[in-house]
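The block underneath contains the structure these notes are about, expressed in structure tokens.
Just so you know, these numbers use all the heavy atoms, side chains as well, and skip hydrogens, waters and symmetry mates. Throughout, a chain's letter reflects where its sequence line sits, starting with A, and its residues are numbered from 1. From a predicted model like this one, the values you see are computed outputs, not experimental measurements.
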Amino acid sequence: MQLDLLGDFTRSHRNGELRLSHAGETVRLLGWCKRARNLGSLIFIDLRDRWGVVQLVADETQVAPELLTKLKAVRSEFVLAAEGVVAEREAKNPNMATGDVEVRLSALRILNTAQTPPIPVDDVPEGGADASEDLRLKYRFLDLRRPSLQRNLILRSEAANLVRNYFRKHDFIEFETPILTKSTPEGARDYLVPSRVHPGEFFALPQSPQLFKQLLQVSGFERYIQICRCFRDEDLRADRQPEFTQVDIEMSFVRQEDVQAILEGLMVELAALVGKPAPTPFPRLAYQDAMEWYGSDKPDTRTPVRLQDLTELFAVSDFNLFRAAAESHGQRRVRALAFAGEAAGAMSRKQLDELQEVAKQLGAGGLPYAKWGKDGLSSSFKKFITPELEAALKAKLDGAAEGLVVFAVGTDDATSKVLGELRLRLSRQFGLIDESRFDFLWVVDFPLLEWSEEAGRFVACHHPFTSPHPEDLDLLDTDPGKCRAVAYDLVLNGYEVGGGSIRIHDALTQSRMFRALGIGEAEAREKFGFLLDALSYGAPPMGGLALGLDRLAMLLCGETSIREVIAFPKTAQARCLMTDAPSPVDPRQLRELKIQTAQPAQYRAGVMFFETVPIEAQAPLQALRHMTATAAQKQTSTLTMDGEVLRVETSNLGGPSFDFE
RNA sequence: GGGGUUGUAGCUCAGUCGGUUAGAGUGUCGGCCUGUCACGCCGAAGGUCGCGGGUUCGAGCCCCGUCAGCCCCGCCA
């Protein structure tokens, strides 16, 4: 098809902004054909740009023949430049922002054609089905043409802009810190970048600019902000990508409350972007209480349901499993969730079985329950429920006649994990969560250290530069697991949207911390020498926080996956379906980097046929069958037959080759 | 690393107990149509049932393996 040139065509209006007040004006519009409707001698085209959609119309009896020919050639997603007069519609469309008007075409340029899209470009109408996510990711450039994704990414841009302005207003200075930096032993797995200039040595992509922002405090900038990309080579989730964006801030001469106050101001403005109130100050909840009441360090407080400790109710019970917990002196506890109401009481056996599966997957042995429905009590341990126990349990339903109590027994870690998840699921199922709300919350007083079985030592809960709680300083040497940190997480609707801490700002405490972490003097010098140096040259008291911009944008947009607010996200297997990255590289590139990849072993297999296998040949044949890949490169088998020696050179065996583990 | 789930027309899906020529909606293409806007009506084209083995007289369906998407556990200072 002959394409038209853009030439001297300039846009006069955006498609979404045309209203009745524009009637009579001649306008020039640009965009994509959302849909062409040809009614014979009357043709409609919906023209889309990022600001909206407007209807173009042409009447066969009124327009020039060459314009008509062009119009009939227009297909979905063609790129058009249109000129016409805005007119009030005969038949208005109340569902469109521009539905009162249409543009009577006087001229049309087809700037480009388009193949039929492999996925629907328009948002799916009600009841319709979306394209599968792998296709959407493969054709992301088309997916991103959809109004809903455009809205998300535009809102994200607005949010990022608001963040920049907010911090600038508060005297923060924006910095850029290195992307090629040093690998650090703590924390997530690093993405590594080989150095060509220094063969055998590697940069790491930053997991966060943590140390750099602290050094900028030592330099005296006092207030730092960066909207930066961070990289962690760990497995993905719906709210986790290998590269993600942090709003990273750091401040000098501040206490925890100062950092929280400035963040709350920002959250109020961000929430207002989408018309949500966010009353300040946000509630503060100690980590201990969060785990005790919600079974989570990022509780969704939109549901009022709390975990309860019912251990004592079973102190004299015949139910051994629960009584054993009561006798364990707090090592194990019986904890429970109570849901009052008919919906909870009407849970079917099948639903409870499904719930039990969820509990098992989270590590529970099963899911004991007690349920009061239309037919009275039913329970997985009914024979152990005495009338007194039933009364005590039912009291947890706050006087309701029907309801459900689910139990978990075990260590606090185990019961928190199970009940924390069930609390969310069941609250959602029973409609206890007000989805319209934005519930902000600070979780504070995190532990400083936790024991790692894998590492065989204590590791930092937040990071190794987090200040111990002043009251707990001595515990660092005597009982490190009990030592609290001056660390705080910002939680929104059950998502951790940010986390930060007050930092250690003197070399002595930092060395103590490294010691508690089992990082020796020599290792500390090698990995963090520059930090220890900096701390010994007049570092101010400092603290900060990092916000997950992707998660925040996701929540602002009302989405449940951060892929919906990232232009080009990766799959759950950390692959880009559009570019097909990662991919093998040219061997020359590897040679320059002095890097060798571990090739899957090539193993050649041949087939030999014997009418009979002589007894003396059986052993070597067995050897062949069990030959490993490495052995195959050297091993030679000897077969003796009819007195003749037959050497089987495995390295010369012909035929197809296969990869083996 | 582990568990769950999905894979059939361009797209979204159905496909019974293993049995004739694998269907629907939508999209696409062609024809008709002057008020459509999820346009309507008529017609047509469109299939490596993810891939590879196996069982069977016969496999979209059963078995084994494998690849990919999604969700979760581990992991993510």
Counting the benzene-type ring for Trp, do A:Y488 and A:F446 have ring centres under 6.0 Å apart? no

Mind checking the C1' distance from B:G2 to B:U21? Whole angstroms is fine. 45 Å

Base, sugar-phosphate alone, or nothing: which one does A:P464 contact when heavy atoms must sit under 4.0 Å apart? base

Residues within residues 419-427 of chain A bordering RNA chain B, heavy-atom distance below 4.0 Å: none

Tell me if the side-chain of A:E454 makes a donor-acceptor pair with the base of B:G74, cut-off 3.5 Å, by modelled atom types. no

Steps toward salt bridge (Lys or Arg N to Asp or Glu O under 4.0 Å) verdict (A:D580, A:R575): CA-CA 7 Å; A:D580 206 24; A:R575 183 172 278 287; 3.7 Å; yes

One character per nucleotide, please: for nucleotides 22-27 of chain B, 5' to 3', B when the base has a protein heavy atom closer than 4.0 Å, S when only the sugar-phosphate does, - otherwise. ------

Separation of B:C37 atom P from A:R48 atom CZ, nearest Å, is 18 Å

Quick test of your reading of the model: are A:D46 and A:R37 salt-bridged, counting only N-O distances below 4.0 Å? yes

Given the C1' atoms of B:A22 and B:C64, what is the spacing between them in whole Å? 25 Å

So A:K138 and A:D143, salt bridge (Lys or Arg N to Asp or Glu O under 4.0 Å) or not? Walk me through it. CA-CA 9 Å; A:K138 180 168 181 192; A:D143 198 32; over 6 Å; no

When the distance from CG of A:L135 to C1' of B:A9 is rounded to whole Å, what number comes out? 13 Å

Between the side chains of A:S416 and A:R335, does any donor sit under 3.5 Å from an acceptor? yes

B:U36 OP1/OP2 closer than 4.0 Å to side-chain N/O of A:R37: no

Please report the C-alpha distance between A:R19 and A:E88 in whole Å, then the side-chain angles of each, then the deciding distance to 0.1 Å, and finally whether the salt bridge (Lys or Arg N to Asp or Glu O under 4.0 Å) criterion is met. CA-CA 9 Å; A:R19 295 292 183 274; A:E88 184 170 3; over 6 Å; no

Contact class for A:A91 (heavy atom, under 4.0 Å): base, sugar-phosphate, or nothing? base

Separation of B:U36 atom C1' from A:R89 atom CZ, nearest Å, is 9 Å

In A:Q214, A:Q210, A:R503, the residue satisfying side chain to side chain donor-acceptor pair (under 3.5 Å) with A:E250 is A:R503

What contact category does A:L39 fall into here, base, sugar-phosphate, or nothing, at under 4.0 angstrom with non-hydrogen atoms? base

One thing to verify: whether A:R48 and A:E77 come together as a salt bridge, which I'm taking to mean a side-chain N less than 4.0 angstrom from a carboxylate O. yes

Using OP1 and OP2 only, check whether a side-chain N or O of A:R75 sits under 4.0 Å from B:C29. yes

Per the atom types in the model, does the base of B:U36 pair as donor or acceptor with the side chain of A:Q55 at under 3.5 Å? yes

My understanding is that only residues two or more places apart in sequence, or in another chain, count here; which of them pass side chain to side chain donor-acceptor pair (under 3.5 Å) with A:Q241? none

Looking only at side-chain N and O atoms, does A:T61 offer a donor or acceptor that is under 3.5 Å from a partner on A:D59? yes

Report the residues that fulfil salt bridge (charged side-chain N to carboxylate O under 4.0 Å, His left out) with A:R189, sequence neighbours left out, ordered by chain and then residue number. A:E234

Can you sort out the partners of A:S76 under side chain to side chain donor-acceptor pair (under 3.5 Å), two or more places apart, ordered by chain and number? none

Rounded distance in Å - CD (A:E354) to P (B:U5): 12 Å

Look for any protein N or O under 3.5 Å of an N or O in nucleotides 67-70 of chain B and output each such pair with its distance, or none.
residue: B:G69; atom: OP1; partner: A:T571; partner atom: OG1; Å: 3.0
residue: B:C70; atom: OP1; partner: A:A572; partner atom: N; Å: 3.2
residue: B:C70; atom: OP2; partner: A:A572; partner atom: N; Å: 2.8
residue: B:C70; atom: O3'; partner: A:R563; partner atom: NH2; Å: 3.0

Quick one: stems for RNA chain B, with Watson-Crick or G-U pairs under 3.5 Å, at least three in a row? B:1-7 with B:67-73, B:10-13 with B:23-26, B:28-32 with B:40-44, B:50-54 with B:62-66

Rounded interatomic separation in angstrom, taking CZ from A:R104 and P from B:U34: 17 Å

Residues that A:H505 engages under ring pair (Phe, Tyr, Trp, His ring centres under 6.0 Å), provided they are two or more places apart: none

Listed in order of residue number, which residues of residues 479-492 of chain A have a non-hydrogen atom at under 4.0 Å from RNA chain B? none

Please give, in whole Å, the distance from B:G74 P to A:L362 CG? 8 Å

Between A:R563 and A:D550, is the salt bridge (Lys or Arg N to Asp or Glu O under 4.0 Å) condition met? List the steps. CA-CA 9 Å; A:R563 293 188 295 274; A:D550 310 276; over 6 Å; no

Pick the P atom in B:C39 and in B:G65, then give their distance to the nearest Å. 47 Å

When you compare B:G19 with B:A59, how far apart are their C1' atoms, in angstrom units rounded to a whole number? 10 Å

Keeping A:T466 on the side-chain end and A:H463 on the backbone end, is there a donor-acceptor pair under 3.5 Å? yes

Go through the structure and list residues passing side chain to side chain donor-acceptor pair (under 3.5 Å) with A:K298, not counting sequence neighbours. none

Heavy atoms only, 4.0 Å cut-off, all strands: where does A:K138 land among base, sugar-phosphate and nothing? nothing

Taking CG from A:L142 and P from B:G10, how many angstroms apart are they, rounded to a whole number? 17 Å

A:Y224 ring center near A:F212 ring center (under 6.0 Å): no

I want to check one thing: is the phosphate of B:C75, taken as OP1 and OP2, less than 4.0 Å away from some side-chain N or O of A:R240? no

Could you state the CZ-P distance from A:R232 to B:C75, rounded to the nearest angstrom? 15 Å

Over all strands shown, is A:E450 touching base, sugar-phosphate only, or nothing at heavy-atom distances under 4.0 angstrom? nothing

Roughly how many Å apart are B:G7 and B:G60, using the P atom of each and rounding to a whole number? 16 Å

Touch class at under 4.0 angstrom, heavy-atom based, for A:T466 against every strand present: nothing

Phosphate-side-chain proximity, A:K417 and B:G74, N/O vs OP1/OP2 below 4.0 Å: yes

5'-most contact on RNA chain B (nearest-nucleotide basis), A:L42 vs A:T560, goes to A:L42

Nucleotide nearest A:N38 (side chain, heavy atoms from C-beta), chosen from B:C76, B:G4, B:C33: B:C33

How is A:T184 classified with respect to the nucleic acid when contacts are heavy atoms under 4.0 Å: base, sugar-phosphate, or nothing? nothing

By side chain to side chain donor-acceptor pair (under 3.5 Å), which residues pair with A:D472, not counting sequence neighbours? A:R484

Show every donor-acceptor pair shorter than 3.5 Å between a side-chain atom in residues 452-459 of chain A and any protein atom, with sequence neighbours excluded, or say none if there are none.
residue: A:S452; atom: OG; partner: A:E454; partner atom: N; Å: 3.4
residue: A:S452; atom: OG; partner: A:A455; partner atom: N; Å: 2.9
residue: A:R457; atom: NH1; partner: A:L517; partner atom: O; Å: 2.8
residue: A:R457; atom: NH2; partner: A:E186; partner atom: OE2; Å: 2.9

